[in-house]
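In what follows, a structure is listed as structure tokens, so that the remarks can point back to it.
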Amino acid sequence: MKRVGMLDRNYIRENPDEVRTALEQKGVADVDFDRILELDEEWRELKARGDDLRHERNEVSTEIGELKQAGDHEQAEAAIERSQELKGEIETVEERAADLAETLEDELLRLPQIPHEEVPVGDSEDDNVERRREGFEDLRDLPETITPHYELGEDLDIIDEARAAKTTGSGFYFLKGEGAQLEYALLQFMLDLHREQGYVDLFPPIPVNSESMTGTGQLPKFAGDAYKLEGEDLWLCPTAEVPVTNMYRDDILLKDDLPVKHQAYTPNFRREAGEHGTETRGIVRVHQFNKVEMVNFVEPETSYEAFDRLVDEAEEVLRRLDLPYRILEMCTADLGFTQAKKYDIEVWAPGDDMGDGPEEGGRWLEVSSVSNFEDFQARRAGLRYRPERHESTEYLHTLNGSGLALPRVMVAILEYYQNDDGTVTVPEPLRPYMGATEVIEGHEPIGESAVGAGEKE
RNA sequence: GCCGGGAUGGCCGAAUGGCAAAGCGCACGCCUGGAAAGCGUGUCCCCUUACGGGGUUCUGGGUUCAAAUCCCAGUCCCGGCGCCA
């Protein structure tokens, strides 16, 4: 199926002002929208001219067949000559048209999704709006001083960043013993919970090709954020959204199939280019992390209901773990390229005072991002369905939400469930997944460096 | 990795160089007391206010006045052989 731009061409032609407003509100400066309109206009003229020439050629071509049938070779020769002339003319016109179409296509792929009309207009992340704050009314008794997760992880010997730098590089980490167990427990817990909410599990392939990356909107704009495999048209999965959404690419679903709700656990790989110097300690910003992702395919009229439900389904993870959090609505400037509306869920990590946290101290960590893409991804990826009362297909709406990103939840647990003696209480719902372990006590470190540090005799 | 076979609409499936069948499904209409059956129309993409026109047989090239059809390259599927945690 031919890829079309993310926004409907007819819509762009008929509503240029809405597109301009969206570009402005999203702060997209590298798109020359007037040029796109010109390209479209010019392409349509060439298209019409090419169609006329082809029409004539089709008529001549039919004539040739008839003349040959009738045995009139002289007339047939004349017609063949005319047909040859036309061939050249068509080639000239269509070559130009194809060039224009290609340029236009590239430009259209760079046009961002238009924000939903109720999204708060803003210039930067400072204009995001906090919608709710949950779980602060009945806080745990916390230690006088909370050790940040990166120090605690080292103390308990459950997170090892230094040795991962050796095997792989900075921005990666080993989880060890109870650390690794906690990771598995969180995974199983989240998957079981979302299964209760009606999600069907998927375990997707981790490398994805360029067409998939384009379908969900990572390409062409964000190529620099992803890891590319050398010599292959393959990228390391930056989020399960990519394989899962593209799973039904160019498919036509039935109305009865909808809503389709899938959850997928995958590792996610992100280069985080340009982020060096911030968050270098700990596992808050890393190049590889596990995440459970929820993806919904729904009928267009229901996508905003689905959005609210998706936020609730993601929140449920934090509610059950009894971790305090807040819900943030992204303003137009902080909406991603593909998103019409987006809420972030930020968990409270009390270990580090970063200034932007709540009055209780600590900081907010984004653990989920719930987005409605409306028909933006569907159009790029050819995701359609057949409504009952129409004979033609329509683009469906896609949504997704993390449910949740694991390392940051782990950070919140290590800090919020920390005890005075430096151990960590395992939240109730996770215990069945950890062989009934109630408290993480860590292990003795291994190796000579521990002796030198006075941690081992 | 090697050898062979294959890819045509939502589905199935014809056409082997000269207008891409037929069937199923679906929608609408006629018929009916109502339904079924039957009959008719429609059912991909693009341009066009419309009338209408163009394109489309996995993808990309080539041959030809003309390609679903012939040639080259690629992708994926099936079968066989090989290899393999």
Side-chain angles (χ1 to χ4, degrees), chain A residues 1-15 36-105 108 203 205-215 229 231-234 243 246-258 260 297 299 375 378-396:
Chain A
M1 165 172 201
K2 190 177 179 293
R3 286 282 98 70
V4 288
M6 67 194 272
L7 293 176
D8 181 39
R9 290 247 282 271
N10 291 311
Y11 178 86
I12 289 169
R13 255 173 240 145
E14 285 158 23
N15 305 278
I36 290 179
L37 291 176
E38 278 167 29
L39 282 168
D40 181 51
E41 183 65 38
E42 203 180 330
W43 173 82
R44 280 187 295 158
E45 278 168 26
L46 282 173
K47 161 81 174 154
R49 198 149 17 116
D51 282 358
D52 287 346
L53 287 168
R54 276 185 178 266
H55 178 54
E56 190 179 347
R57 191 184 69 166
N58 285 345
E59 286 179 335
V60 173
S61 203
T62 304
E63 200 186 324
I64 293 169
E66 286 165 0
L67 288 168
K68 288 215 165 183
Q69 205 80 22
D72 190 343
H73 296 292
E74 204 173 306
Q75 291 271 358
E77 272 312 310
I80 285 172
E81 257 175 60
R82 175 61 187 146
S83 182
Q84 271 163 329
E85 277 173 35
L86 284 168
K87 190 185 174 182
E89 289 176 45
I90 289 169
E91 209 167 306
T92 310
V93 171
E94 291 195 342
E95 220 166 278
R96 274 194 60 208
D99 283 349
L100 277 177
E102 198 182 322
T103 312
L104 181 58
E105 187 79 359
L108 284 170
F203 185 73
I206 304 306
V208 288
N209 59 31
S210 294
E211 199 175 350
S212 297
M213 292 281 280
T214 305
L229 294 188
E232 306 271 353
D233 180 32
L234 290 175
N246 281 283
M247 182 177 178
Y248 299 106
R249 188 167 72 214
D250 296 338
D251 268 344
I252 294 174
L253 305 182
L254 302 173
K255 180 185 171 159
D256 290 345
D257 295 331
L258 302 177
V260 171
F297 300 89
E299 290 182 70
D375 66 358
R379 195 178 296 281
R380 288 168 82 103
L383 295 163
R384 294 174 295 165
Y385 82 110
R386 198 177 290 284
E388 206 165 34
R389 300 210 145 267
H390 301 73
E391 65 273 7
S392 58
T393 58
E394 275 183 28
Y395 290 109
L396 46 76

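Basis for what follows: all heavy atoms, side chains included, without hydrogens, waters or symmetry-related copies. A quick note: this is a predicted structure, and the numbers were derived from the prediction, not measured. In what follows, chains are A, B, ... by sequence order, proteins preceding strands, each numbered from 1.
- Pair assignment for rU57(B) gives none, since no Watson-Crick or G-U wobble pairing has each distance under 3.5 Å.
- Distance D40(A) CG to rC46(B) P: 12 Å, rounded to the nearest Å.
- In this structure, rC76(B) forms a base pair with rG6(B), meeting either the Watson-Crick or the G-U wobble geometry with both donor-acceptor distances under 3.5 Å.
- Rounded to an integer number of Å, the gap from CZ of R9(A) to C1' of rU48(B) is 14 Å.
- With 3.5 Å as the limit, one finds a donor-acceptor pair spanning the side chains of N209(A) and S212(A).
- Contact annotation: R57(A) side-chain N/O to rC19(B) OP1/OP2 distance is not under 4.0 Å.
- When Watson-Crick and G-U wobble pairs are counted only if both distances are under 3.5 Å, rU49(B) pairs with no nucleotide at all.
- Taking only distance into account, the side chain of D51(A) never meets the base of rG54(B) through a donor-acceptor pair shorter than 3.5 Å.
- Across all strands shown, nothing is found opposite rA20(B) as a Watson-Crick or G-U wobble partner with both distances under 3.5 Å.
- Side-chain atoms of S83(A) do not come within 3.5 Å of backbone N or O of A79(A) as any donor-acceptor pair.
- Residue Q84(A) has its side chain nearest to rC65(B) when only rC65(B), rU48(B), rG54(B) are considered.
- At the heavy-atom level, I64(A) lies under 4.0 Å from base atoms of the strands shown.
- The side chain to side chain contact (heavy atoms under 4.5 Å, CB included) with Y385(A) is formed by just one residue from the set I252(A), V260(A), L396(A); it is L396(A).
- Remark: K87(A) is in phosphate contact with rA66(B), judged by side-chain N or O atoms under 4.0 Å from OP1 or OP2.
- Atom CD1 in I252(A) sits roughly 13 Å away from atom C1' in rG25(B) (whole-Å rounding).
- The CZ atom of R96(A) lies 7.0 Å from the CZ atom of R49(A); values are rounded to the nearest 0.5 Å.
- In this structure, rG40(B) forms a base pair with rC28(B), meeting either the Watson-Crick or the G-U wobble geometry with both donor-acceptor distances under 3.5 Å.
- With a cut-off of 3.5 Å on both pairing distances, the Watson-Crick or G-U wobble partner of rC81(B) is rG1(B).
- Whole-Å rounding puts the E94(A) CD to rU56(B) P distance at 9 Å.
- The nearest whole Å value for the distance from the CH2 atom in W43(A) to the P atom in rG54(B) is 15 Å.
- Protein atom CG of D250(A) is 19 Å distant from nucleotide atom P of rU75(B), rounded to whole Å.
- Between N58(A) atom CG and rG55(B) atom C1' there is a gap of 10 Å when expressed in whole angstrom units.
- Here the P atom of nucleotide rC47(B) and the CZ atom of R54(A) are 16 Å apart, to the nearest Å.
- Remark: rG33(B) base-pairs with no nucleotide in the shown strands. Criterion, Watson-Crick or G-U wobble with two distances under 3.5 Å.
- The phosphate of rC65(B) (OP1 or OP2) has no side-chain N or O of R82(A) nearer than 4.0 angstrom.
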